[in-house]
Amino acid sequence: MRASANSASVVVNNRSMGCLKIGSGRGLEPWYQPGRQRRALPRAAACRYNPHGNANMNTSSGNEQRDVRLSKLERIRAAGINPWPERFVRTHTLAEARALPAGTAGVRVCGRLMTMRVMGKMSFATLQDQSGRCQISVQCEAVGEPFYKEVWKKLIDLGDFLGIEGEMVVTKTGEPTVAAKSVQFLGKALRPLPEKWHGVQDQETCHRQRYLDLTMNRETMERFLLRSRVVSSTRNFLDRHAFVEVETPVLQTKASGAAAKPFFSHHNSLDMQVTLRIAPETWLKRLIAGGFDRVYEFARCFRNEGMDPSHLQDFTMLEWYASYWNYEDNMRFTQALLQHVIQESLGTLLLTLRGRAVDFSGEWPRVSFRELILKDCGIDIAECKDADALRAAVRAKGIALPEEEIRALGFGNLVDQLYKKVSRPALTGPVFLVAHPIELSPLARRNDVAGELTDRFQLVVAGWEIVNAYSELVDPLDQRQRLEEQARLKTGGDDEAMEMDEEYLLCMEHGMPPISGFGMGIDRLVCLLSNQDNLRDVVLFPLLKPQA
RNA sequence: GAGGCCGUAGCUCAGUCGGUAGAGCAACGGAUUUUUAAUCCGUUGGUCGCGGGUUCGAUCCCCGCCGGCCUUACCA
């Protein structure tokens, strides 16, 4: 193991989500431990600089609860208390504190105040941080009557961030509790939290104000922590297998590597149109040509296409390329990687996904396109010479494909429609789908023996295609022909067709080794593994139109 | 792009077959030293998404717009 679990302190993934790795009972890592306490400034100095000003403090905001909190803020400042101090030295996360033996003194915890039960001179409250929740108790006697009556009871609200120093106790109902000796503001909230029992239910609010969703709905936090684990576990596995993580351009002069409509933008000082990438593929293969053995990238890609629950405008695609591998090497590696990632991030290989039991352990079966379709509907696609023959066979079997839509389809797309209709929904998997017809796979390497097939595999799980991989096309003459055909389509008005890419061809003409490449939508994998129906629920801040 | 559904207090939701709206939580005042959705007493809070129309009167009916969700077509 490259980074052993018990030495990892802070994991920052590529989604900029700082993630504190919580070890069970291991205590906080050095990064966290109380260092030299910065000496407190004299009160007057601490409060002299007031960047938040009083601009709104005397004017009604039109929101009753906010106004009440603004007036509390004034009283907090008047009392010489800094409502937003710069730092708090904590000794334990809340989950760690809960595990401490009763009697442990000098426990310093912090978090957001989620519930508060004031019973006269004794109060219980709940703090929440990333690790979970822990009860605290505040007694009049322990914190002093002026503080208890004037600050704790009058100025502290649900939603505020607080820091507590105290001793671990266990209440008579058995609840681990930090009994506070002192309580301090760490961040005053001017707006109330959503309802404490139901939280935020409205999906739009969850997307627009994800911080509220994360605060109120633990399963949302767990889902994004899962995403982070999936990414870091994948990265670790690839690193351990001699893959090199690279970054390739997002802004480029032509979109290449996939058939999709790009986003366009404008570069001012060069005065030229640029596009956002639709795939990292051609760049990564250039790196293989340049001598990298194995490369990968978690590539944010952008496609200017329709929105629905299974498509995002910007999404994260993991692609990797390995020199000297064919697609079968890649298939074995894919299985090993996903088994590792699923075991490490979910703790088991036996999952229930979309209502079906899915077993990721053992060897995953492989099935060819032809066998699968033959089994599911009795049509042997190898015996159909062309699209018309296949169309006739479909009609003869009475399979309900939309007549209007399939009339113009070529053989490849027709096979694909048939597969999506008769086979894919029933595939629970994990199963590798192999031997795709060449018409269906314009980018993959033609099989050396069966020229009508390609060296390609897809991984299907619970009816979802989550991986697409090939033996890569490295023949520059073949590639040129295929790109010329795409360029013809483009000129003919197909705005999803690929553009001619001379620079890429130039690279290929300089020579490439055998390569197998792999592509997987990270959002879709996480969506599947977390049993979500909408990709927007596995993206922290999905794109939404501005509210009216 | 097409079709359907939805938008009421800070949050979760009722409601009005057309007569300018209710509850719980939150907030505010009070009681309360072992609660954990604390409890008890009292109080405040709304341009019913926005704009038109019909009507004596619209949160409700009609039209348009804004935003969201679902289905559907194209891309992973």
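Please read all numbers here as calculations on a predicted model, not as lab measurements.
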Does the base of B:A26 carry an N or O that pairs as donor and acceptor with the side chain of A:E195 under 3.5 Å?
no

Does A:H311 contact B:C75 through a side-chain donor or acceptor facing the base, at a distance under 3.5 Å?
yes

Distance check needed: [N] [atom2] versus [X] [atom1], whole Å only.
X      : N     : atom1 : atom2 : value
A:E175 : B:U33 : CD    : C1'   : 18 Å
A:M307 : B:G67 : CE    : C1'   : 12 Å
A:R208 : B:C66 : CZ    : P     : 14 Å
A:Q458 : B:C75 : CD    : C1'   : 14 Å
A:R117 : B:A26 : CZ    : P     : 11 Å

For nucleotides B:G49 and B:U44, find the distance between their C1' atoms and express it as a whole number of Å.
25 Å

May I ask you to decide whether [X] forms a salt bridge with [Y], counting only side-chain N to carboxylate O separations under 4.0 Å?
X      : Y      : result
A:E465 : A:R424 : yes
A:K121 : A:E141 : no
A:E175 : A:R98  : yes
A:D157 : A:K188 : yes
A:E297 : A:R277 : yes

Minimum-distance nucleotide to [X] side chain [options: [options]]:
X      : options             : value
A:Q139 : B:A26, B:U35, B:U33 : B:U33
A:E305 : B:C74, B:A26, B:U35 : B:C74
A:K172 : B:A27, B:C25, B:U34 : B:U34
A:E204 : B:C11, B:G67, B:C69 : B:G67
A:V200 : B:C28, B:U12, B:G67 : B:U12
A:E141 : B:G68, B:G10, B:U33 : B:U33
A:D202 : B:U33, B:U12, B:C70 : B:U12
A:M119 : B:A26, B:U35, B:A37 : B:U35
A:L544 : B:A26, B:C69, B:C75 : B:C69
A:N63  : B:U35, B:G10, B:C75 : B:G10

Phosphate contact ([N] OP1 or OP2) by [X] side-chain N/O below 4.0 Å:
X      : N     : result
A:K153 : B:G29 : no
A:K154 : B:C28 : no
A:K196 : B:C25 : no

Base, sugar-phosphate, or nothing: which does [X] touch, judged by heavy atoms less than 4.0 Å apart?
X      : value
A:Q203 : sugar-phosphate
A:R303 : base
A:T171 : base
A:R133 : nothing
A:K121 : base
A:G199 : sugar-phosphate

Base partner of [N], which must satisfy Watson-Crick or wobble distances under 3.5 Å:
N     : value
B:C61 : B:G53
B:G22 : B:C13
B:U39 : B:A31
B:G3  : B:C70

Assign each of A:N534 and A:D308 to its nearest nucleotide of RNA chain B by heavy atoms, then name whichever residue's nucleotide is nearer the 5' end.
A:N534

Which residue, A:R536 or A:M317, contacts RNA chain B at a nucleotide closer to its 5' end, judged by nearest heavy atom?
A:R536

So which atom in A:S137 and which in A:A179 form the shortest heavy-atom distance, rounded to 0.1 Å?
OG-CA, 3.3 Å

In A:F457, A:Y296, A:W320, A:F518, the residue satisfying ring pair (Phe, Tyr, Trp, His ring centres under 6.0 Å) with A:F333 is A:W320

